Student: 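Quick one: this structure, given as structure tokens, is what I'll be asking you about.
FYI, side chains are in, hydrogens and waters are out, and symmetry mates aren't considered; it's all heavy atoms of this structure. Keep in mind it's a predicted model, so treat the numbers as computed, not measured.
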Amino acid sequence: MWRRLARALSVLLVLGLSACKALPPAQVAAERAASVDLSELLSLPGPDALLIGEQHDAPDHPAIHQQVVERLISAGRLAALVLEMSERGSTSRGLANDAAETEVRQRLDWNEKAWSWSRYGPAIMAAVRTGIEVAGGNLPRKAMAEAMQDAALDRRLVPAVLQQLRQAIRDGHCGLLPESQIAPMTRIQIARDLSMAETMQGLARPGKQVLLLAGAAHVERVAGVPAHWRNNFRSISLRLLPAGEAASGSGGVFDRVWSTAAMPPQDHCAGLKRQLTPRTGTRGGLWHVGREHYTAPMIRPAPELA
């Protein structure tokens, strides 16, 4: 869903339109990406944050989450773990290292319908077991209505990037959203990235890294979380990219691309159109498009996605 955005953003980055402050990009074309040397990546000096952009249904990505968390802990470099999968304000702070998983889930206000705990739990618990704070970073649902009306969010990105992001929202929702909802939905996406950026910077510690686990679109350097850094905050964006989906190209949008196992081809829009019934004027909930999660205020999900 983000292929058109990725192509456009790579051009914009070359033109110097990026508003983020990050390490110089590796300029690794996705078509030629090989597995990242994790030891080399974790030994890079200076970054305040590491952002891992996953594909939410790729079965081998959770093992990478856990591996990176454990390696950062072992090196004494993990300041905190921030999650797209949990709302800002939720935290494991104050929990005992041996807290039960049910207690951790309660503290994180975990939504099992949206995010499978079996997928993210191992990385989360690896942090909790060593006393590392796990914090939600995503925009709270109660703030979404306000974000939709906040025109100031439009100015968080340069105009060309904003227009490309709006087009990505159209494409990502398979043409099911009415045009009147494109700008509000784009503001929600920007607000989510801003929320995660502010959460991460609030947990930063000198000499250590805050780690973010999120969907790939959120870690893009130009339009994602890194676009909202303040005060020369430095980060590395790592995209986990299944083989066979690299043809879209992502050189310059991410600092590193980690090639993972191929996924079977799927027509997500065809499946979505079979499952969803657009209902103008109704209140929607969390639903899946392609391999991302969205909150669509004007589309009601089918019961199995609610």
Student: With R93, which residues qualify under salt bridge (Lys or Arg N to Asp or Glu O under 4.0 Å), at least two apart?
Tutor: E133

Student: Go through the structure and list residues passing side-chain contact (heavy atoms from CB on, under 4.5 Å) with E112, not counting sequence neighbours.
Tutor: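 By the side-chain contact (heavy atoms from CB on, under 4.5 Å) rule, E112 matches R105, W110, S116, W117.
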
Student: Check for a donor-acceptor pair, side chain of S237 on one end and backbone N or O of R221 on the other, with a separation under 3.5 Å.
Tutor: no

Student: Checking side chain to side chain donor-acceptor pair (under 3.5 Å) for the pair Q66/E70: CA distance, chi angles, key distance, verdict?
Tutor: CA-CA 6 Å; Q66 185 175 0; E70 291 176 347; 3.0 Å; yes

Student: Using side chain to side chain donor-acceptor pair (under 3.5 Å) as the criterion, list what pairs up with R119, not counting sequence neighbours.
Tutor: E54

Student: Kindly write out the residues that satisfy salt bridge (Lys or Arg N to Asp or Glu O under 4.0 Å) with R88, not counting sequence neighbours, or none if the list is empty.
Tutor: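 R88 satisfies salt bridge (Lys or Arg N to Asp or Glu O under 4.0 Å) with E198 only.
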
Student: Listed by chain and number, what are the side-chain contact (heavy atoms from CB on, under 4.5 Å) partners of A261, not counting sequence neighbours?
Tutor: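 With sequence neighbours excluded, A261 shows a side-chain contact (heavy atoms from CB on, under 4.5 Å) to D60, given in chain and number order.
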
Student: Go through the structure and list residues passing side-chain contact (heavy atoms from CB on, under 4.5 Å) with S74, not counting sequence neighbours.
Tutor: none

Student: List for me each residue that meets salt bridge (Lys or Arg N to Asp or Glu O under 4.0 Å) alongside D109, sequence neighbours excluded, and say none if there are none.
Tutor: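 Partners of D109 by the salt bridge (Lys or Arg N to Asp or Glu O under 4.0 Å) criterion come out as none, since no residue qualifies.
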
Student: State which residues pass side chain to side chain donor-acceptor pair (under 3.5 Å) with R129; sequence neighbours excluded, sorted by chain then number.
Tutor: none

Student: Suppose we screen for side chain to side chain donor-acceptor pair (under 3.5 Å). Which residues come up paired with S86, at least two apart in sequence or across chains?
Tutor: S90

Student: Check side chain to side chain donor-acceptor pair (under 3.5 Å) between Q67 and all other residues, then give those that pass, not counting sequence neighbours.
Tutor: none

Student: Residues two or more places apart in sequence or in another chain: which of them pass side-chain contact (heavy atoms from CB on, under 4.5 Å) with A99?
Tutor: L95, E103, V104

